[in-house]
Number of protein chains: 2
Amino acid sequence: MNHGPDQTRIQDLLEKQGIQATTQRMLIAELLFARDQHLTAEQIIQTLAERGTDVSKATVYNTLNLFAAKGLVKPLQVDPERGLFDSNMRPHYHFHVEDTGELIDVPPGDLEFARLPPLPPGTESVAVDVVIRVRKQTS
Amino acid sequence: MNHGPDQTRIQDLLEKQGIQATTQRMLIAELLFARDQHLTAEQIIQTLAERGTDVSKATVYNTLNLFAAKGLVKPLQVDPERGLFDSNMRPHYHFHVEDTGELIDVPPGDLEFARLPPLPPGTESVAVDVVIRVRKQTS
DNA sequence: TTCCTTGCAAAACTTTTGCATTAAA
DNA sequence: TTTAATGCAAAAGTTTTGCAAGGAA
């Protein structure tokens with residue numbers, strides 16, 4: 001097996017989080033981190049199958065949950081039908097096109113808050129999620 | 001059956017949207033619109049059962065989807081486990097307490113944008129959803 | 001060898017659907 | 001009496017789990 005620069009970089013990424021870099025985890029990570037994107041578990045299963053590198057459903061879910069717990073991907077609850085995993089961990093926001101289900105990143109700096117509310121007592125902030133829901137313009 | 005002021009007001013609300021005010025729809029609407037709140041389908045089914053006014057699962061889901069289509073409630077995708085229906089249709093945002101799953105309204109005026117991004121070409125805005133994810137403070 | 005990961009099938013959930021029954025206009 | 005809503009059970013879809021087999025340290 002030829003270990004190109006991508007494989008090495010991704011292997012380091014996993015091991016830096018204490019994640020054992022198994023074959024299946026590498027395949028999933030290579031797919032996810034090829035670029036900033038939002039993927040469903042099903043899309044990952046299917047894409048890997050098309051490449052002839054099948055990974056089982058259970059392992060894909062296990063791996064995505066592990067990556068999420070280690071801060072490598074961010075689970076998104078945007079589409080009511082299914083969960084998405086975002087490979088872009090930099091703070092950013094989303095457009096959701098209701099007609100198509102498409103999810104688009106808001107360009108960095110294009111959204112800013114003038115004021116954020118005080119947090120409920122005894123809590124600390126984890127993240128601020130913004131989804132701008134849009135639809136295709138009517139005529 | 002004693003039709004108090006609540007029943008009459010809610011019946012008007014439904015009929016104003018062209019919704020036939022059946023017994024089951026009235027029960028669900030009375031529960032939802034008693035106050036601003038976020039309820040799961042299961043909570044509605046269970047609460048009505050405890051009151052001795054059972055409504056079937058299918059009817060609860062049908063009714064919630066109908067109310068949502070008519071703009072009486074807003075479906076929320078915040079909790080990964082299940083969908084929520086918000087009886088507060090005024091524009092507002094949410095805190096989500098990750099440890100407990102609790103959803104809290106952000107007081108009106110406590111959150112403002114300094115800048116919103118241009119929308120993707122050919123789309124129009126439907127809504128802007130903000131969820132501030134928080135967790136119970138450590139130590 | 002010992003521990004961890006994988007894969008399969010089945011389970012667990014939430015939400016939807018088909019269709020016969022019942023209620024509303 | 002005609003149309004629309006309800007309820008049940010089953011189906012559909014996503015995600016999780018139990019456990020035996022396989023792979024990594």
Side-chain angles (χ1 to χ4, degrees), chain A residues 1 3 7 10-11 14-15 17-31 38-49 52-70 72-86 101 103, chain B residues 1 3 7 10-12 14-15 17-31 38-49 52-70 72-85 101 103:
Chain A
M1 169 84 75
H3 278 237
Q7 276 89 343
I10 288 173
Q11 185 172 341
L14 298 191
E15 287 172 352
Q17 306 298 328
I19 298 172
Q20 194 174 306
T22 64
T23 306
Q24 291 82 352
R25 287 168 181 173
M26 286 294 291
L27 289 169
I28 294 167
E30 282 165 30
L31 173 51
H38 329 97
L39 294 175
T40 65
E42 199 53 48
Q43 284 175 322
I44 292 171
I45 292 166
Q46 204 179 317
T47 302
L48 293 177
T53 54
D54 301 56
V55 176
S56 75
K57 187 186 298 193
T59 297
V60 168
Y61 276 103
N62 284 343
T63 300
L64 288 169
N65 289 337
L66 177 64
F67 285 4
K70 297 294 188 177
L72 295 178
V73 298
K74 182 176 164 64
L76 301 178
Q77 327 297 331
V78 176
D79 193 316
E81 314 304 324
R82 79 206 107 257
L84 288 170
F85 293 85
D86 194 338
L103 197 64
Chain B
M1 172 82 75
H3 279 238
Q7 277 87 343
I10 288 173
Q11 184 170 344
D12 288 354
L14 298 191
E15 287 172 352
Q17 306 298 328
I19 298 173
Q20 195 174 304
T22 65
T23 305
Q24 290 82 351
R25 286 170 180 172
M26 287 294 290
L27 289 169
I28 295 167
E30 282 166 29
L31 173 52
H38 329 96
L39 294 175
T40 65
E42 200 52 50
Q43 284 175 322
I44 291 171
I45 292 165
Q46 205 178 315
T47 302
L48 293 177
T53 54
D54 301 56
V55 176
S56 76
K57 187 186 297 192
T59 297
V60 168
Y61 277 102
N62 283 343
T63 300
L64 288 170
N65 289 336
L66 177 63
F67 285 4
K70 297 295 188 175
L72 295 178
V73 297
K74 182 175 165 62
L76 300 178
Q77 328 296 332
V78 176
D79 193 317
E81 315 304 323
R82 78 207 109 259
L84 287 171
F85 293 85
L103 198 64

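The sequence lines fix the lettering, A, B, ..., with proteins before strands; numbering per chain opens at 1.
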Nearest atoms (heavy-atom pairs only) where [X] meets [Y]:
X      : Y      : value
A41(A) : V60(A) : O-CG1, 4.0 Å
M26(B) : Q7(B)  : CE-O, 3.3 Å
H38(B) : Q43(B) : O-OE1, 3.9 Å
V55(A) : L48(A) : CG2-CD1, 3.8 Å

How long is the line joining [atom1] of [X] and [atom2] of [N], in whole Å?
X      : N       : atom1 : atom2 : answer
R25(A) : dC4(C)  : CZ    : P     : 11 Å
E42(A) : dT16(D) : CD    : P     : 14 Å
L66(B) : dT15(C) : CG    : C1'   : 16 Å
I19(A) : dA24(D) : CD1   : P     : 17 Å
L14(A) : dC4(C)  : CG    : P     : 18 Å
M26(A) : dG23(D) : CE    : C1'   : 16 Å
F85(A) : dT14(D) : CZ    : C1'   : 11 Å
L39(B) : dT14(C) : CG    : C1'   : 16 Å

Side-chain heavy atoms of [X] within contact of [Y], under 4.5 Å:
X      : Y      : result
I28(B) : I44(B) : yes
I19(B) : K70(B) : yes
L31(B) : L39(B) : yes

From the list R25(A), E15(A), E30(A), side chain to side chain contact (heavy atoms under 4.5 Å, CB included) partner of I10(A) resolves to E30(A)

Residues in residues 75-84 of chain A with a heavy atom under 4.0 Å of DNA chain D, by number, are E81(A), R82(A), G83(A)

Ranking dG7(D), dT15(C), dG7(C) by distance to the side chain of T59(B), first place goes to dG7(D)

Nucleotide by nucleotide, nucleotides 16-25 of chain C touches protein heavy atoms under 4.0 Å in the pattern (B base, S sugar-phosphate only, - none) BB------S-

Could you walk me through whether L72(A) and L14(A) satisfy the side chain to side chain contact (heavy atoms under 4.5 Å, CB included) test, starting with their C-alpha distance in whole Å, then the side-chain angles of each, then the deciding distance to 0.1 Å, before giving a yes or no?
CA-CA 9 Å; L72(A) 295 178; L14(A) 298 191; 3.8 Å; yes

